[in-house]
Structure formats: structure tokens, C-alpha cells
Amino acid sequence: MNENLFASFITPMILGLPLATLIVMFPSLLFPTSNRLVNNRLISLQQWTLQLVSKQMMGIHNAKGQTWTLMLMSLILFIGSTNLLGLLPHSFTPTTQLSMNLGMAIPLWAGTVITGFRNKTKASLAHFLPQGTPTPLIPMLVIIETISLFIQPIALAVRLTANITAGHLLIHLIGGATLALMNISTTMALITFIILVLLTILEFAVAMIQAYVFTLLVSLYLHDNT
């Protein structure tokens with residue numbers, strides 16, 4: 001019980017070297033490429049899920065936007081798999097690190113904005129000043145729209161970090177309370193354990209939902225700029 005509450009969020013080290021790179025690369029091993037004529041059930045399920053998500057997410061895009069399909073599908077697979085692996089005992093979740101989430105959000109956001117200025121320069125600039133704005137409010141609205149534009153990647157990263165971190169902290173706290181109550185009241189410990197199991201199931205859903213929301217928002221930013 002003396003363990004630091006935030007110990008699970010510290011980047012693991014071995015022989016003084018961080019293991020973050022190996023942990024980030026590990027999820028790619030969960031999605032093997034089959035060379036068989038008929039795929040097994042696992043690969044067939046993965047392919048069906050990817051096709052379903054790609055149809056829902058990329059159906060609103062034009063031809064230029066659909067060129068991002070491979071990148072966005074790789075993104076949702078990476079975030080979802082790292083979130084799920086982080087729910088395993090004694091594991092590390094890279095998406096609890098704000099620096100890593102910013103490292104994903106900023107380049108993707110910048111790519112969508114640059115694409116918009118290249119392909120739709122007038123429409124992209126028009127977002128900074130809504131039509132019919134009174135002349136005295138023009139400078140203020142331009143500043144507000146500029147700030148809202150630059151806040152988008154920060155909101156992406158903070159949303160993912162906060163949701164994953166909050167879930168892990170709740171699991172850690174309720175798990176510690178369950179152990180403490182075992183020596184005090186078996187009934188209360190059982191009730192707390194049931195809550196822990198339900199929360200863990202909820203966290204599995206949150207892990208997938210947050211991966212979908214992150215990728216969907218990037219897709220919407222892309223749609224606004226293509």
C-alpha cells in the first residue's frame with residue numbers, strides 16, 4: 001500500500017535505458033499479415049472491423065481525403081492496442097504520457113491544416129472571419145479563431161491522456177481499497193471487487209472509444225480542409 005499512486009505512469013527502464021520505444025513497437029506484433037489463401041478467424045475479424053470503421057470514418061471524404069485512409073486506420077489500431085495492453089497487470093500505457101499524445105496530435109493536425117491551405121486557401125482563410133462580422137469585431141474574432149485553431153491538437157492530446165489516466169487511477173485506487181478491506185470486512189471487500197470488475201470492463205470500452213474518438217476528430221479536421 002506504500003506504492004506511489006503514479007508509479008504505473010513512469011516510463012519503465014532496464015539497465016538505465018527507457019523501454020518506451022520497444023513498448024510502442026510491440027502492438028504491431030498483434031496484427032500479423034497472413035500469406036494464406038483463407039484467413040483464420042482472428043485475421044478475418046480484424047479485417048472486418050477495419051473495413052467497418054473505414055467505411056464509417058472515410059465515407060464523408062473526397063478523393064484527396066481518402067488518401068489518408070491507411071494512416072488513420074493505422075492510428076486507430078495503434079492507439080486502441082496500446083490502450084488495451086495498458087490494462088494488463090504490471091504493464092505500461094504509452095498513451096498516458098501527454099508528450100507522446102502531443103507527438104501524435106500535432107503532426108496530424110498540422111498535416112490537415114497545411115493540406116487545407118494548399119487545396120482550399122480562400123476557404124481556409126475564411127474560417128478566421130465569419131461572413132457578416134461587424135467591422136469593430138474583426139480583430140477580436142480573428143484572434144479568437146486563431147487561438148481555437150491552435151488549441152485543436154492540444155485538446156486532442158489532453159482528452160486522450162485525461163481519460164486513460166483517470167481510468168487507470170480509479171482501477172489502482174479501487175484495487176488498493178479491495179485489498180485493504182479483505183482484513184476488515186469480507187462483505188465490503190466483495191462489493192468493492194465487483195465494482196472493480198465492472199470498472200475494468202468499462203475501461204476496455206473506454207480504451208476502444210478513445211482510440212475511435214481521437215481518429216474521428218483527426219478525420220473531421222481533414223474533412224474541413226479537403
Side-chain angles (χ1 to χ4, degrees), residues 1-13 18-28 30-31 49 53 56-57 72-109 147-182 184-185 188-221:
M1 294 300 294
N2 294 326
E3 183 183 1
N4 183 5
L5 185 62
F6 295 94
S8 59
F9 303 113
I10 300 175
T11 305
M13 309 279 288
L19 296 179
T21 304
L22 294 177
I23 294 172
V24 168
M25 294 173 60
F26 180 73
S28 61
L30 301 178
F31 303 99
T49 305
V53 174
Q56 292 181 350
M57 192 174 296
L72 294 181
M73 292 302 101
S74 301
L75 179 66
I76 192 172
L77 285 176
F78 172 73
I79 298 177
S81 57
T82 50
N83 289 348
L84 291 175
L85 289 174
L87 294 173
L88 297 175
H90 305 288
S91 60
F92 172 72
T93 312
T95 47
T96 57
Q97 307 296 312
L98 182 60
S99 57
M100 175 178 169
N101 295 336
L102 284 173
M104 292 189 296
I106 292 177
L108 292 169
W109 166 83
I147 293 174
S148 66
L149 178 66
F150 282 97
I151 279 179
Q152 287 177 354
I154 300 175
L156 271 178
V158 171
R159 180 187 297 106
L160 179 60
T161 304
N163 281 281
I164 301 302
T165 303
H168 283 63
L169 286 176
L170 279 175
I171 290 176
H172 185 88
L173 290 171
I174 296 177
T178 303
L179 291 176
L181 289 171
M182 288 179 65
I184 301 174
S185 172
M188 291 301 298
L190 180 60
I191 294 174
T192 311
F193 178 74
I194 294 174
I195 295 174
L196 178 62
V197 172
L198 295 176
L199 180 63
T200 304
I201 296 173
L202 177 64
E203 280 304 307
F204 275 97
V206 169
M208 299 305 298
I209 290 171
Q210 288 304 315
Y212 181 79
V213 169
F214 189 97
T215 311
L216 178 62
L217 289 175
V218 174
S219 175
L220 292 177
Y221 296 156

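All values derive from a computational prediction rather than experimental measurement. Sequential numbering from 1 along the given sequence is applied to the chain's residues.
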Would you say F193 has more than 12 foreign heavy atoms packed within less than 6.0 Å of its CZ? no

Roughly how far, to the nearest 0.5 Å, is the CD1 atom of I174 from the CG atom of L199? 5.0 Å

Would you find a donor on one side and an acceptor on the other, under 3.5 Å apart, between the side chain of T165 and the backbone of A162? no

Taking W109 for its side chain and F150 for its backbone only, find out whether a donor-acceptor pair lies under 3.5 Å. no

Is there a side chain to side chain contact (heavy atoms under 4.5 Å, CB included) between F204 and L84? Walk through the geometry before answering. CA-CA 7 Å; F204 275 97; L84 291 175; 3.5 Å; yes

Do you know which two heavy atoms are closest between L72 and S219, and how far apart they sit? CD1-CB, 4.0 Å

Would you say that T200 contacts L87 through its side chain, given a criterion of any heavy-atom pair below 4.5 Å between the two side chains? no

Can you measure from OG1 (T161) to CG (L102) and round to the nearest 0.5 angstrom? 7.0 Å

Could you measure the distance from the CD atom of Q210 to the OG1 atom of T215? Nearest 0.5 Å is fine. 10.5 Å

Could you grab the distance from atom CG of N101 to atom CD1 of I154, nearest 0.5 Å is fine? 13.0 Å

Nearest heavy atoms of G86 and T93, plus distance in Å: CA-OG1, 2.9 Å

Test side chain to side chain contact (heavy atoms under 4.5 Å, CB included) on T178 and I195 and set out the steps. CA-CA 10 Å; T178 303; I195 295 174; over 6 Å; no

Gap separating the CZ atom of F214 from the CD1 atom of I79, nearest 0.5 angstrom: 4.5 Å

Residue pair A105 / P153: nearest heavy atoms and the distance that separates them: CB-O, 3.5 Å

Classify the side-chain pair H168/T96 by whether it contains a donor and acceptor separated by less than 3.5 Å. no

E203 side, atom CD; I209 side, atom CD1 - distance, nearest 0.5 Å: 10.0 Å

Shortest non-hydrogen separation from N83 to A207 and the atoms involved: ND2-O, 3.1 Å

By side-chain contact (heavy atoms from CB on, under 4.5 Å) - contacts of I201 (at least two apart): V197

